[in-house]
There are 2 protein chains.
Amino acid sequence: MGIRDDAVEIRSRGWRTLAALHALIETELERSLQREHQLSVVEYTVLDALSRQDGWHMRMRQLARAAALSSSATTRLVTRLEDRGLLTRILCDDDRRGIYTELTDAGWKLFEAARPTHDRVLEEALAEAGEVPELGPLVTALHSEVVQA
Amino acid sequence: MGIRDDAVEIRSRGWRTLAALHALIETELERSLQREHQLSVVEYTVLDALSRQDGWHMRMRQLARAAALSSSATTRLVTRLEDRGLLTRILCDDDRRGIYTELTDAGWKLFEAARPTHDRVLEEALAEAGEVPELGPLVTALHSEVVQA
DNA sequence: TTAATACCGTTGCGTTTGCAACTACTGCAT
DNA sequence: ATGCAGTAGTTGCAAACGCAACGGTATTAA
């Protein structure tokens, strides 16, 4: 076990911690958002990303990136939300390959209704994770200024 | 925008950062492990968890926890690996509800072959993420002693 | 003993996912 | 202009997922 191996082990451990914390938070968000607003986490993420564009459009590819999804999954996700009337597809004038998406009024309403749930559950999940010995330090680091900079 | 709202916003931002980093790493690991060893990330995680038990058994439920999966997904995952001859199910004597799983020799071999790939790709992914402005600080924090404590 | 309760792992089912192949469009080079 | 490589988004398909319902086993109390 040299310094080299230690670095490998530290990375692996960090990755396991990251994955565990991610899974914990996502699971709790999933349950609550689904139950209270019939939204999955990715669906909420899309609404959130669009809302943060402040009335501006967003292309499919940007959306895929924001939601960390493949382009095919993004297509279907947008279709789903469009069918529910939460957003609309808008053909792009300057680049006819591109498609913009925009929140509808109903989309805004649902997002603003879901946001408190999201924020509350996120806080609870982080608090819960903070109690777990392996996760606590990462939770703390997440709050720190450095990560937010 | 009071202090209260700032805290909410900091948590949200932290969560998005965490999710983005998680997705980046998982995607790269998935591609490499799949291509070079026909293993998904969760499958590797299971082999890793079992190997770290150092020859000792592990129950389905523990495995589900380690892999951050539902129990049903764990059942099928173990079945898949069992069909490939990488691990075996062992009935538990003292608690006949329980089922232990153990790596086979083939399982050990495959895991040890896949580990270098895993470690290398993880290092690359972290290095790549370190270059991204939003992710860099979290990557750094992940290396720190505090998180590893 | 027997009943009530809780737990463990499995299965049916519907949903979501990524990959690969495809169409449509852009931009560059000839 | 014309061809060609690269990009944007969609679709077929098979794989993997979570939830809910189930059977089998342990634990506790009457």
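Here is how names work: the chains are called A, B, and so on, in the same order as the sequence lines, proteins then strands, and each is numbered from 1.
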Worksheet item: Does a distance-only test, which skips hydrogens and angles, find a donor-acceptor pair under 3.5 Å between the side chain of A:Arg97 and the base of D:dT7?
Response: yes
Worksheet entry | Whole angstrom value for the distance that separates P of C:dC8 from CZ of B:Arg89 | 16 Å
Item to complete: Nearest whole angstrom, please: distance from the C1' of C:dT26 to the CD1 of A:Ile99.
Response: 15 Å
Pairs: protein N or O with nucleotides 17-23 of chain D N or O, under 3.5 Å:
residue : atom : partner : partner atom : Å
D:dC17  : OP2  : B:Arg80 : NH2          : 2.9
D:dG18  : OP2  : B:Ser70 : N            : 3.2
D:dG18  : OP2  : B:Ser70 : OG           : 2.6
D:dG18  : N7   : B:Ser72 : OG           : 3.4
D:dG18  : O6   : B:Arg76 : NH2          : 3.1
D:dC19  : N4   : B:Ser72 : OG           : 2.9

Worksheet, complete the sentence: Between CG of B:Asp94 and C1' of D:dT27 the distance, given in whole Å, is 15 Å
Worksheet item: Rounded to the nearest Å, what distance is computed from the CZ atom of residue A:Arg61 to the P atom of nucleotide D:dT10?
Response: 12 Å
Worksheet entry | Distance in angstrom units between B:Asp83 CG and C:dT10 P, rounded | 12 Å
Practice prompt. Look at all strands and tell whether A:Arg35 reaches a base, only sugar-phosphate, or nothing, counting heavy atoms closer than 4.0 Å.
Written response: nothing
Discussion item. Taking B:Ala141's backbone N and O only, do any of them form a donor-acceptor pair with B:Ser144's side chain (distance below 3.5 Å, no angle check)?
Written reply: yes
Response to the item:
Testing D:dT10, D:dT25, C:dC25 for proximity to the side chain of A:Arg96, the answer is C:dC25
Discussion item. Are B:His118 and B:Ser32 packed together at the side-chain level, in the sense that at least one heavy-atom pair is separated by less than 4.5 angstrom?
Written reply: no
Practice prompt. On DNA chain C, check which nucleotide each of B:Thr79 and A:Glu43 is closest to and give me the residue with the more 5' one.
Written response: B:Thr79
Discussion item. Between B:Asp95 and A:Val78, which residue's closest nucleotide on DNA chain D lies nearer the 5′ terminus?
Written reply: A:Val78
Practice prompt. Grab the CG-C1' distance between A:Leu91 and C:dC25 for me, whole Å please.
Written response: 13 Å
Worksheet item: Looking only at heavy atoms, what is the nearest atom pair of A:Asp119 and B:Ser12, with distance?
Response: OD1-OG, 3.6 Å
Response to the item:
Between CZ of B:Arg65 and P of C:dC8 the distance, given in whole Å, is 12 Å
Response to the item:
To the nearest angstrom, the CZ-P distance between A:Arg84 and C:dT15 comes to 13 Å
Worksheet entry | Contact nearer the 5' end of DNA chain C, comparing B:Met60 with A:Asp93 | B:Met60
Response to the item:
Paired with A:Ser40, the side chain to side chain contact (heavy atoms under 4.5 Å, CB included) test is passed by just one of A:Gln38, A:His37, A:Glu43, namely A:Glu43
Discussion item. Taking the ring centre of each residue, are B:His22 and A:Trp15 less than 6.0 Å apart?
Written reply: yes
Fill in: Polar side-chain atom of B:Thr104 near backbone of B:Gly85 as donor-acceptor pair, under 3.5 Å
yes
Worksheet item: Are any non-hydrogen side-chain atoms of B:Arg65 and B:Gln62 less than 4.5 angstrom apart?
Response: no
